[in-house]
Protein chains: 4
Amino acid sequence: MSPRPKNPPPDRRAEILDAALRLFAEKGYAEATNAEIAKEAGVTAAALYYYFPSKEELFRAAVRQHIGRFVPTLRALTAQAPADASGPEAVGMILRSALAFFTEEKTQLVLRIVLAEGPRRPEIRQIWIDQITGIFELLAPFVMNAIASGQIRPIDPRLIFVLLQGPMLSTVIIRDLLQVPALEGLTNDAVVDAVLETTLAGLRTDG
Amino acid sequence: MSPRPKNPPPDRRAEILDAALRLFAEKGYAEATNAEIAKEAGVTAAALYYYFPSKEELFRAAVRQHIGRFVPTLRALTAQAPADASGPEAVGMILRSALAFFTEEKTQLVLRIVLAEGPRRPEIRQIWIDQITGIFELLAPFVMNAIASGQIRPIDPRLIFVLLQGPMLSTVIIRDLLQVPALEGLTNDAVVDAVLETTLAGLRTDG
Amino acid sequence: MSPRPKNPPPDRRAEILDAALRLFAEKGYAEATNAEIAKEAGVTAAALYYYFPSKEELFRAAVRQHIGRFVPTLRALTAQAPADASGPEAVGMILRSALAFFTEEKTQLVLRIVLAEGPRRPEIRQIWIDQITGIFELLAPFVMNAIASGQIRPIDPRLIFVLLQGPMLSTVIIRDLLQVPALEGLTNDAVVDAVLETTLAGLRTDG
Amino acid sequence: MSPRPKNPPPDRRAEILDAALRLFAEKGYAEATNAEIAKEAGVTAAALYYYFPSKEELFRAAVRQHIGRFVPTLRALTAQAPADASGPEAVGMILRSALAFFTEEKTQLVLRIVLAEGPRRPEIRQIWIDQITGIFELLAPFVMNAIASGQIRPIDPRLIFVLLQGPMLSTVIIRDLLQVPALEGLTNDAVVDAVLETTLAGLRTDG
DNA sequence: CATGAATGAGAATTCATTCAT
DNA sequence: GATGAATGAATTCTCATTCAT
C-alpha cells in the first residue's frame with residue numbers, strides 16, 4: 001500500500017537493474033520472471049513498470065548499463081600509455097586490461113547473456129560486436145606498426161586478433177562460464193604472459 | 001520377398017529430434033514451444049509425448065544425439081594417424097578435425113545450446129566438459145612427448161591447451177555464432193595454419 | 001444404425017459465442033472478462049483460446065454470428081411479397097419485420113453492443129451501417145414507385161427513411177434498451193400501425 | 001489595489017470534468033484511464049483524487065455536469081412562448097430546440113455515454129429518463145390541447161411522442177453517432193420541417 | 001494543491017501436459 | 001500411434017488507488 005521507508009536513499013532504478021542483470025544471466029531472459037527480479041530488488045513486479053516500459057526494455061537497460069563502460073575504459077588506458085611503448089608492452093597492457101575486465105563479476109553476467117541471447121537478438125549481438133571491434137581497433141595500430149617496422153611478420157590482422165584474443169576469450173568461457181575443471185586455477189596473468197611469450201614470440205621475424 | 005514400401009516409414013523420432021535441436025538452438029529452451037517443434041516435425045504437440053516423457057527429456061535427447069559423436073570421431077582419427085607423426089603434424093590434424101567438426105551445422109546448433117543453457121544446466125555443461133576434456137586428452141600426449149624430446153619448451157599443459165584451442169573456439173563463436181563482421185571470410189584453414197605457424201612456433205625451443 | 005452418442009456432443013464453440021454475446025452486451029467489451037465468459041460457457045478461460053485467437057476475435061465472431069442473418073431474412077420476406085403490393089402494404093411489412101427482428105432478444109444484445117462500441121470500432125459500426133443500408137435499400141424502391149405514381153409527395157428519400165424508421169428505432173432504444181417507464185407497454189404493432197396511419201398518411205398527396 | 005492576475009487561476013475542476021467527459025465518451029468508462037484524463041487536463045492522476053473521491057464519482061460528475069442543463073433550458077424556452085401559440089408552432093419550437101441541443105458537441109458526448117453505459121448503470125439511465133420525460137411533459141399539454149380542440153385525432157400520447165421525437169433521435173444516432181453515410185448531409189431543419197409537415201399533418205383531423 | 005513513488009488486484013494470454021478416442 | 005479438446009499454472013502487463021512530502 002504505502003511506499004516503504006527510505007532511511008538510506010535507495011536508488012531503486014539501480015537496484016532493479018542489478019537484480020535484473022543477475023537474474024537474466026542466471027536464468028536467461030525467458031526464465032527470469034518479473035516477479036523474481038522485483039523480489040530481489042525489494043519491490044513489487046508492478047514497480048518495474050514504473051521505471052521501465054517493459055521487460056524487454058529492462059533487459060536492454062540492464063545489459064547496456066555495465067557493458068558500455070568497457071571500451072572507453074580500455075581506450076583511456078591505452079591513451080595514457082607511454083608514447084614510445086613498444087608493441088609487446090602495449091599489446092600486453094591491452095590484453096591484460098581486457099582479460100581483467102572480462103573477469104569482473106558483472107562482465108561475466110553480461111557475457112553469459114550475450115552468448116545466450118546474442119545469436120537471436122540483433123541489439124544484443126551489436127553490443128558484443130562493438131566490444132570486439134573496440135579491442136580490434138585498439139590492437140590494430142600497434143600490430144601494424146610492428147609489422148611496418150619489421151618487428152613481426154606481415155599477417156592478416158584478423159588472424160593476429162584471433163591468435164591473441166582467442167586464448168583469453170577461451171579462458172573466460174571454459175574456465176569461468178562453464179567452469180570446466182581442467183582449467184581450474186589458471187590465472188589471468190599466466191594466460192596473458194603465455195600469449196605474449198609464445199604467440200607474440202611466434203610472430204616475430206627472427207629467421 | 002516383398003519389395004520395400006514406396007514410402008519408407010518416416011522415422012518420426014529422428015524427425016522430432018532434428019526439429020527440436022534446431023528450434024532449441026534458434027530460440028532457446030524456454031522459447032521453443034512444443035507446438036512449434038511438433039509442427040516442424042509434421043506431428044501434433046501431443047505426439048511428442050508418445051516419444052518423449054517431457055519437453056525436458058526431449059531437449060536432453062536432442063542435444064545428446066549429435067554431440068556424442070565428436071570425441072569418438074576424433075579418437076578414431078588420431079588412432080589412424082601414422083605412429084611416427086611428429087608433434088606439429090599430429091597437433092595440426094587434431095586442430096583441423098576439431099575445427100571442422102565445430103563448423104558443422106549441427107555442431108553449431110549444439111554449441112549455441114551449450115553456451116546458452118550450459119551455465120545453468122549441469123547435464124548440458126557436462127556434455128561440454130566431456131568434449132573439452134576429450135580434446136585435451138588427445139592433445140596432451142603429443143605435447144608431452146614434444147616437451148620430453150626437447151622440441152618445445154616445458155609449459156603448463158593448460159596453457160598449451162588455451163593457446164592452441166583458444167583461437168579456434170574464438171573463431172567459431174565470434175565468426176559463426178555472433179557473426180561479427182570483422183571476422184567474416186576468415187577460413188578454418190587459415191586459422192589452423194596460423195596457429196601452427198605462429199603459436200606452435202613460439203613454443204619451440206629455439207633460443 | 002449407428003448408435004447415437006449418449007451425451008449429445010456439446011457445441012462448445014456455439015456455447016462460447018452465446019455466452020460471449022450476452023456478456024459483451026451486458027457489461028461492455030472491456031468489462032466482460034474472459035474468465036466470466038468461459039464460466040458461463042462451462043469451460044476454462046484457456047479454452048477460449050482453443051476456439052478463438054483472441055478476445056477481440058471472439059468479440060467480432062459473437063457480433064457477426066447473429067446479425068448477419070437480418071438483411072437476408074428481410075430480403076427474403078420482401079421477395080415473396082405479392083408483386084402487386086401497394087406501397088403502404090409493402091412498407092408495413094418491412095417495418096413490421098424490422099421491428100420484430102430488433103425486438104428479438106439476441107438482436108437487442110447486438111444493438112447494445114453496436115451502440116456502445118460502434119462509435120469507436122469501425123468494424124462494428126460497419127455492421128450497423130450494413131443493416132441500415134439494407135433497410136434503406138429495401139424501402140427505397142417502394143417509396144420511389146409511390147412517388148412516381150403520384151401516390152405520395154416528392155421528398156428526400158433520407159427524410160422518408162428517418163420519418164418511417166425513426167419511430168421504430170426510437171421505440172427499441174427508449175422502451176427496450178433504456179427501459180424508460182414512459183414507454184412501457186407500448187406494443188410493436190401499435191407503433192407500426194401509427195407510423196402507417198399517420199406518417200405515411202401525411203405523405204400522401206391529397207390536398 | 002492589485003490588478004487581476006495575468007493568468008487567471010485555471011479552474012482545474014472544470015478542466016478535469018471536460019477532459020473526463022470527452023474521454024469517457026470516446027473510449028468508454030472502462031477504457032478511459034485516470035492517467036489519460038489527468039494528462040488531458042494537465043495534472044497527474046493523483047490529483048484527480050483531490051477533486052473526486054473515485055473514478056466512478058468523476059464519471060458521474062462529468063455526465064451530470066452538462067446534461068442537467070437541458071430540460072431547464074427547454075422549459076425556459078417554452079415558458080416565453082406566446083401563450084396563444086398554436087400546436088404546430090409550439091411543437092416545432094420544442095422539436096427544433098431539442099434537436100439543436102442534441103446536436104451540440106457536449107450533448108453528443110453525453111449521448112454516447114448514455115447509450116453505452118446507460119443500460120447497465122441505473123444512475124446514468126435515470127439521467128436519460130429525466131430528459132425523455134422532460135420532453136414528454138413539455139410536449140404533452142400542447143398535444144392534449146390540440147386533441148381537445150379537435151385539431152388532431154385522439155391518439156395514445158406515447159405514440160405521438162414516438163412519432164414526433166423518434167425521427168430526431170434516429171437522426172442523431174444514425175447520422176452523428178454512427179456516422180452512417182446514407183444520412184450524411186441531412187440538416188436538422190430539414191428533419192424538423194419534415195416531421196412538422198408530414199407526421200403532424202398526418203395527425204390532423206381533416207377527413 | 002499536487003506529485004512521485006509504489007502497490008494490490010486483476011486482466012489477457014501462453015504453454016506444457018493429459019486423456020478419451 | 002496419433003490427435004483433438006481441454007486445462008492449470010504461470011507470466012507479462014495495466015490500472016485505480018494511496019500516501020508522504
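No hydrogens, no waters, no symmetry mates; every other heavy atom, side chains included, goes into these values. Naming convention: chains lettered A, B, ... in sequence-line order (proteins, then strands); numbering from 1 in each chain.
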Practice prompt. Check whether any side-chain N or O of B:Tyr50 sits under 4.0 Å from OP1 or OP2 of F:dA2, and answer yes or no.
Written response: no
Worksheet item: Quick one: is C:Tyr49 getting a side-chain N or O under 4.0 Å of the E:dC15 phosphate, OP1 or OP2?
Response: no
Practice prompt. Under the side chain to side chain contact (heavy atoms under 4.5 Å, CB included) rule, what do A:Asp18 and A:Gln65 come out as? Steps first, then yes or no, please.
Written response: CA-CA 9 Å; A:Asp18 273 8; A:Gln65 152 111 332; 4.3 Å; yes
Worksheet item: Between A:Thr33 and C:Val43, which is nearer to the 5' end of DNA chain F once each is assigned its nearest nucleotide?
Response: C:Val43
Worksheet item: When we call it a touch if two heavy atoms are under 4.0 Å apart, what does D:Ala38 touch: a base, just sugar-phosphate, or nothing?
Response: nothing
Worksheet entry | Nucleotide E:dT13, atom C1' - distance to CZ of C:Phe52 in whole Å | 16 Å
Fill in: Pairing string, 5' to 3', for DNA chain E - Watson-Crick or wobble contacts under 3.5 Å, brackets [ ] where pairs cross, | to another strand
.||||||||||||||||||||
Practice prompt. Compare side-chain N and O positions of C:Arg12 against OP1 and OP2 of F:dA5 and report whether any pair is under 4.0 Å apart.
Written response: no
Discussion item. Does this structure show an ion pair linking D:Glu123 with D:Arg64, if we count only N-O contacts that are shorter than 4.0 Å?
Written reply: no
Discussion item. From CG of D:Leu48 over to P of E:dC1, roughly how many Å is that when rounded to an integer?
Written reply: 15 Å
Worksheet item: If you find the nucleotide of DNA chain F closest to A:Ala45 and the one closest to B:Ala47, which residue's nucleotide is nearer the 5' end?
Response: B:Ala47
Worksheet item: Could you state the CD1-C1' distance from B:Ile16 to F:dT3, rounded to the nearest angstrom?
Response: 13 Å
Practice prompt. Please state how far atom CD in B:Glu36 lies from atom P in E:dT14, giving the value in whole angstrom units.
Written response: 13 Å
Practice prompt. Would you indicate what B:Ala30 reaches in the nucleic acid, counting non-hydrogen atoms under 4.0 angstrom: base, sugar-phosphate, or nothing?
Written response: nothing
Worksheet item: Taking D:Lys106 for the side chain and D:Leu21 for the main chain, is one N or O donor matched with an acceptor at less than 3.5 Å?
Response: no
Worksheet item: Between A:Tyr29 and A:Phe59, what is the ring plane arrangement, given parallel below 30°, perpendicular above 60°, and tilted in between?
Response: perpendicular
Practice prompt. Could you state the atom-to-atom distance from CZ of D:Arg13 to P of E:dC1 in whole Å?
Written response: 12 Å
Worksheet, complete the sentence: Among F:dT12, E:dT13, F:dA16, the one nearest any side-chain atom of C:Asn34 is E:dT13
Item to complete: Name the closest nucleotide to the D:Thr44 side chain, picking from F:dA2, E:dA16, E:dT3.
Response: E:dT3
Worksheet item: Where do A:Leu109 and A:Arg22 come nearest, in terms of heavy atoms and distance?
Response: CD1-CA, 4.0 Å
Worksheet item: So do B:Tyr51 and B:Leu58 actually touch side chain to side chain, heavy atoms under 4.5 Å?
Response: no
Worksheet item: Does D:Glu15 come within less than 4.0 Å of D:Arg12, counting only side-chain N to carboxylate O?
Response: yes
Discussion item. If I take atom CD in residue B:Glu31 and atom P in nucleotide F:dT11, what distance separates them, rounded to the nearest angstrom?
Written reply: 13 Å
Worksheet item: Please give, in whole Å, the distance from E:dA12 P to C:Lys39 NZ?
Response: 15 Å
Worksheet item: If you find the nucleotide of DNA chain E closest to D:Ala46 and the one closest to C:Glu56, which residue's nucleotide is nearer the 5' end?
Response: D:Ala46
Item to complete: Grab the CZ-P distance between C:Phe59 and E:dA12 for me, whole Å please.
Response: 14 Å
Practice prompt. Could you check which of E:dA12, F:dA2, E:dT3 has an atom nearest any side-chain atom of B:Tyr51?
Written response: F:dA2
Worksheet item: When you check the gap from the basic side-chain N to the acidic O, do C:Glu57 and C:Arg60 get nearer than 4.0 Å?
Response: yes
